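Following: one structure in structure tokens, then a few remarks.
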Amino acid sequence: MNYYLLIPFFIILVLFIPVRVEGRVSFNVFERSGAFGVFVYGIKVEYQQFWLENKKIVTKKDNELESHVLNIESKGFLYLKTLALQVADKSRLKEFFVFYNLGIKDAFKSAMLGGYINVFLLSFMATIKNIKPTASMGVYDTISYNDKVCQFATRMLLTISLLDVVYSLLRSVILTKKLSSKSKSNGGEQ
């Protein structure tokens, strides 16, 4: 038996086996700050804190001294947005949970606002459930009746194959070049 035939078999196997990716995002609305983390098979791959300032996003890793500024109107942000859409299209959603803590120092208004947010989130999740029927979803709310707080967090678990990641990376580069050249040509005409 020729054992060299096992090498292409394992390469193809690795490319098509789905990878388990978990994403966590939290955001404090009043402070306009948050954090996000990416975990592959439970191992932390990326964790950064971020702050929104005008039309910029300031990010900082927890062990770095310097921060990075990402302009929302830049080509890099357009690439990240395109990549996120491509990966979302290719991935299989397994779990999606939303957690929030809300309070506006008035018990009645806090409860009413929490109810409205629950209706909105559950409608949004019903829409996702129509597209991804096997996903587990849930909303967990905490109403702080006497405090002024507005914090949101999400936890997503999805699977994607390495072949789909490579395809998404290449397609994002191509689409970003097309979109940036189209915006330059439209900007020059005006």
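Throughout, residue positions are numbered sequentially from 1 according to the sequence presented. The structure displayed is predicted, hence computed values, not measured ones.
- T127 and N130 form no side-chain donor-acceptor contact under 3.5 Å, judged by distance and modelled atom types alone.
- Between S110 and S144 the shortest heavy-atom distance is OG-O, 4.0 Å.
- Contact check for L122 versus V139: side-chain heavy atoms found under the 4.5 Å cut-off.
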| said: Run F36 and F27 through side-chain contact (heavy atoms from CB on, under 4.5 Å) and show every step you take. | reply: CA-CA 9 Å; F36 70 90; F27 187 69; over 6 Å; no
| said: What verdict does the side-chain contact (heavy atoms from CB on, under 4.5 Å) test give for V165 and V87, after you've listed the backbone C-alpha separation in whole Å, the side-chain angles of each residue and the deciding distance to 0.1 Å? | reply: CA-CA 7 Å; V165 171; V87 168; 5.7 Å; no
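- Within the model, atoms CG of L179 and OG of S172 stand 10.5 Å from one another, a figure rounded to the nearest 0.5 Å.
- At least one side-chain heavy atom of K60 sits less than 4.5 Å from a side-chain heavy atom of W51.
- For the pair L52/S33, no side-chain contact is recorded, criterion being any heavy-atom separation below 4.5 Å from C-beta on.
- Note on I43 and I160: separate hydrophobic clusters, where clusters join Ile, Leu, Val, Met, Phe, Trp and Tyr whose side-chain heavy atoms are under 4.5 Å apart, directly or indirectly.
- By the neighbour-count criterion of 12 heavy atoms within 6.0 Å, atom NZ of K90 is densely surrounded, having more than that number from other residues, nucleotides or ligands.
- Annotation for T82 and L78: closest pair OG1-O, 2.8 Å, computed over non-hydrogen atoms.
- Cluster membership for F39 and V19, using ILVMFWY side-chain heavy atoms within less than 4.5 angstrom, is not shared.
- Remark: side-chain polar atoms of S161 are not paired, donor with acceptor, to backbone N or O of I17 under 3.5 angstrom.
- Taking OG of S168 as the start and CG of D89 as the end, the distance is 7.5 Å to the nearest 0.5 Å.
- Here side-chain hydrogen bond (donor to acceptor under 3.5 Å, both in side chains) pairs that include residues 36-47, with residues two or more places apart or in two chains, are E46-Q48.
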| message | side-chain contact (heavy atoms from CB on, under 4.5 Å), that's the test. Do V29 and Q151 meet it? Break it down for me. | response | CA-CA 6 Å; V29 176; Q151 299 172 338; over 6 Å; no
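- Side-chain atoms of S91 and D164 include no donor-acceptor pair closer than 3.5 Å.
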| message | Would L158 and K94 count as a side-chain contact (heavy atoms from CB on, under 4.5 Å) here? Give the steps. | response | CA-CA 5 Å; L158 49 97; K94 300 292 183 187; 5.7 Å; no
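- Between M156 and L93, some side-chain heavy-atom pair lies under the 4.5 Å cut-off.
- Nearest approach of T159 to P18, heavy atoms of both residues: CB-CB, 3.9 Å.
- Between the side chain of N28 and the main chain of F30, a donor-acceptor pair closer than 3.5 Å is present.
- Looking only at side-chain heavy atoms (C-beta outward), V98 and M125 come within less than 4.5 Å of each other.
- Taking the ring-ring contact (aromatic ring centres under 6.0 Å, His included) definition, one finds that F99 meets it with Y140, sequence neighbours left out.
- In this structure the side chain of T59 never reaches within 4.5 angstrom of the side chain of Q49, judged on heavy atoms.
- Nearest heavy atoms, K129 versus T134: NZ-C, 4.3 Å.
- Contacts of R171 classified as side chain to side chain donor-acceptor pair (under 3.5 Å), with partners at least two apart in sequence or in another chain: Q86.
- Within the 4.5 Å cutoff, the side chain of V149 has no heavy atoms near those of the L102 side chain.
- Hydrophobic clustering of Ile, Leu, Val, Met, Phe, Trp and Tyr side chains at less than 4.5 Å, counting indirect connections, unites L113 with F120.
- Here L175 is tied to no hydrophobic group at all, with no ILVMFWY side chain closer than 4.5 Å.
- A salt bridge (charged side-chain N to carboxylate O under 4.0 Å, His left out) with E95 is found for exactly one of K132, R20, R155, namely R155.
- Here L162 contributes atom CG and I11 contributes atom CD1; the two are 12.5 Å apart, rounded to the nearest 0.5 Å.
- Contact check for L163 versus F16: side-chain heavy atoms found under the 4.5 Å cut-off.
- Linking Ile, Leu, Val, Met, Phe, Trp and Tyr residues whenever their side-chain heavy atoms come within less than 4.5 Å leaves L157 and M137 in two separate clusters.
- Annotation: ring-ring contact (aromatic ring centres under 6.0 Å, His included) contacts involving residues 144-174, sequence neighbours excluded, comprise Y100-F152.
- Following chains of ILVMFWY side-chain contacts shorter than 4.5 Å, one cannot reach L85 starting from I128, and the two form parts of different hydrophobic clusters.
- With a 6.0 Å radius and a threshold of 12 heavy atoms from other residues, nucleotides or ligands, K178 has its NZ atom at or below the threshold.
- Residues satisfying the side chain to side chain donor-acceptor pair (under 3.5 Å) test with R24, not counting sequence neighbours, are E22.
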